[in-house]
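Just so you know, these numbers come straight off a predicted model, no measurement behind them.
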Amino acid sequence: MYRMLLFDLDGTLLRSDKTISDRTKAALELCRKAGYFIGISTSRGWQSTCAFLDTVKPDVLISSGGALIQWRGASVYQAELTPAETETIIARARAVCGSGCAITVDTLDTHYRNFRTPPEEMDKSWGDIVYTDLAQFSEPALKVCVEIPDEAQAGRLEAALPECDCVRFSDGFWYKFTRRGITKRKALEEACRACGIRPEELISFGDDYADIEMLEESGLGVAMGNAIPEVKAAADVVIGGNDEDGIALWLEQLTAGSV
């Protein structure tokens, strides 16, 4: 009935310490041997997924919130913002949110930030980071994120960027901007086309706003126990949390035929 398992990373496949438990690794291997395709669908840029690729060995990798899709290492879909469009997003973010607002930009192979994080707060899984003031930034980008503590301000910036899709991350005040229509739902459709399956043959797992459409589009949508209420409401199943081996336990039951 189902042929692919598609996992969000942060808050889902990853524990809070940004690792994958040994039990989850073993459960993923059971699923692979049972014939399931394995996929990752994350808002992280490609370069910050690299720390997990050897462990998960995904057949499908959706990164930058759906702007880049790879099938067994080869790109099958990408939706870049042009250098001019990226420059416009940065300029409007500064106009609406202040010249000192925190911004990140993901290109195909680099993660840029205009701020520095104290070493003790750094998430080492993000890999190499390039710090820049983003002045006259002139590269095509897959995703731009802006930190906006003021919700009204965030609404004004979203309205100022009608050509972009905007999604908030629930664990802070960060908002993701990609090209309009580039979402995890759209990426799911493209990924299914690449590997020759239908969305109803897919089980997807998630925890945050960006995952809602993906769970709704899949044959079975699975919310983590630590997911926000909106994700749980959109899911078909709610399992244990990401720090409780929720995925491992559910996958063990799946391969045993008891779910």
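Side-chain contact check for Asp245 and Ser21: at least one donor-acceptor pair (N or O, by modelled atom type) lies under 3.5 Å. Checked by atom type, the side-chain pair Glu139/Tyr112 shows a donor-acceptor distance below 3.5 Å.
The environment of Asp133 atom CG is dense: over 12 non-hydrogen atoms of other residues, nucleotides or ligands sit within 6.0 angstrom.
Look at Lys176 and Asp208 and you find no salt bridge, because none of the NZ, NE, NH1 or NH2 atoms lies under 4.0 Å from a carboxylate O. Between Glu252 and Arg23, at least one side-chain nitrogen of the basic residue sits less than 4.0 Å from a carboxylate oxygen of the acidic one, meeting the salt-bridge criterion. Ionic pairing of Glu217 and Lys184 is not present here: no N-O contact between side-chain nitrogen and carboxylate oxygen is shorter than 4.0 angstrom. A salt bridge links Lys186 to Glu190: one of the charged nitrogens lies within less than 4.0 Å of a carboxylate oxygen. The pair Arg92-Glu163 meets the salt-bridge criterion, since a charged nitrogen lies less than 4.0 angstrom from a carboxylate oxygen.
Rounded to the nearest 0.5 Å, atoms CZ (Arg168) and SG (Cys145) are 13.0 Å apart. The distance from atom CG of Asp17 to atom OG of Ser125, rounded to the nearest 0.5 Å, is 10.0 Å. To the nearest 0.5 Å, atoms CD1 (Ile197) and CG (Leu188) are separated by 8.0 Å. The CG atom of Leu142 lies 5.5 Å from the CG atom of Leu68; values are rounded to the nearest 0.5 Å. If you take OG on Ser48 and CD1 on Ile129, they are separated by 8.5 Å, rounding to the nearest 0.5 Å. The distance from atom CD1 of Ile148 to atom CG of Leu157, rounded to the nearest 0.5 Å, is 4.5 Å.
At distances below 3.5 Å, not a single donor-acceptor pair connects side-chain atoms of Lys18 with backbone N or O atoms of Asp10. Distance alone, capped at 3.5 Å, is enough to place a donor-acceptor pair between the Arg32 side chain and the Val56 backbone. In this structure a side-chain-to-backbone donor-acceptor pair under 3.5 Å is present from Thr82 to Glu85. Put simply, the side chain of Glu201 gets close to the backbone of Arg198: a donor and an acceptor are under 3.5 Å apart. Using modelled atom types, no side-chain atom of Asp207 and backbone atom of Asn226 make a donor-acceptor pair closer than 3.5 Å. Side chain of Asn114 to backbone of Cys101: a donor-acceptor contact under 3.5 angstrom is found.
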One pair to check against side chain to side chain contact (heavy atoms under 4.5 Å, CB included): Glu80 and Thr86. What are the steps and the verdict?
CA-CA 9 Å; Glu80 287 182 303; Thr86 306; over 6 Å; no
Steps toward side-chain hydrogen bond (donor to acceptor under 3.5 Å, both in side chains) verdict (Arg15, Thr24):
CA-CA 10 Å; Arg15 296 182 290 192; Thr24 299; over 6 Å; no
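Ile182 and Val60 fall within the same hydrophobic cluster, where Ile, Leu, Val, Met, Phe, Trp and Tyr residues are linked whenever their side-chain heavy atoms come under 4.5 Å apart, directly or through other members. Cluster annotation: Met4 is connected to Ile69 through the hydrophobic network of ILVMFWY side chains, with a link wherever side-chain heavy atoms come within less than 4.5 Å. Connection of Ile62 to Leu220 is not established within any shared hydrophobic cluster, with ILVMFWY side chains joined at heavy-atom distances below 4.5 Å, either directly or through further cluster members. Leu249 and Ile239 are members of different hydrophobic clusters when ILVMFWY side chains are connected at heavy-atom separations under 4.5 Å. With hydrophobic clusters built from ILVMFWY side chains whose heavy atoms lie under 4.5 angstrom apart, Met224 shares a cluster with Trp250.
A ring-ring contact (aromatic ring centres under 6.0 Å, His included) check over residues 10-49, counting only residues at least two apart or in different chains, returns the pairs Phe37-Trp71.
A 4.5 Å side-chain heavy-atom check between Cys166 and Leu161 finds every atom pair outside the cut-off. The closest side-chain heavy-atom distance from Phe52 to Leu61 is not below 4.5 Å.
Nearest heavy atom pair, residue His111 against residue Asp106, reads ND1-OD1, 2.6 Å.
Between Phe7 and Phe205, the angle of the ring planes stays under 30°, which puts this pair in the parallel group of the 30/60° scheme.
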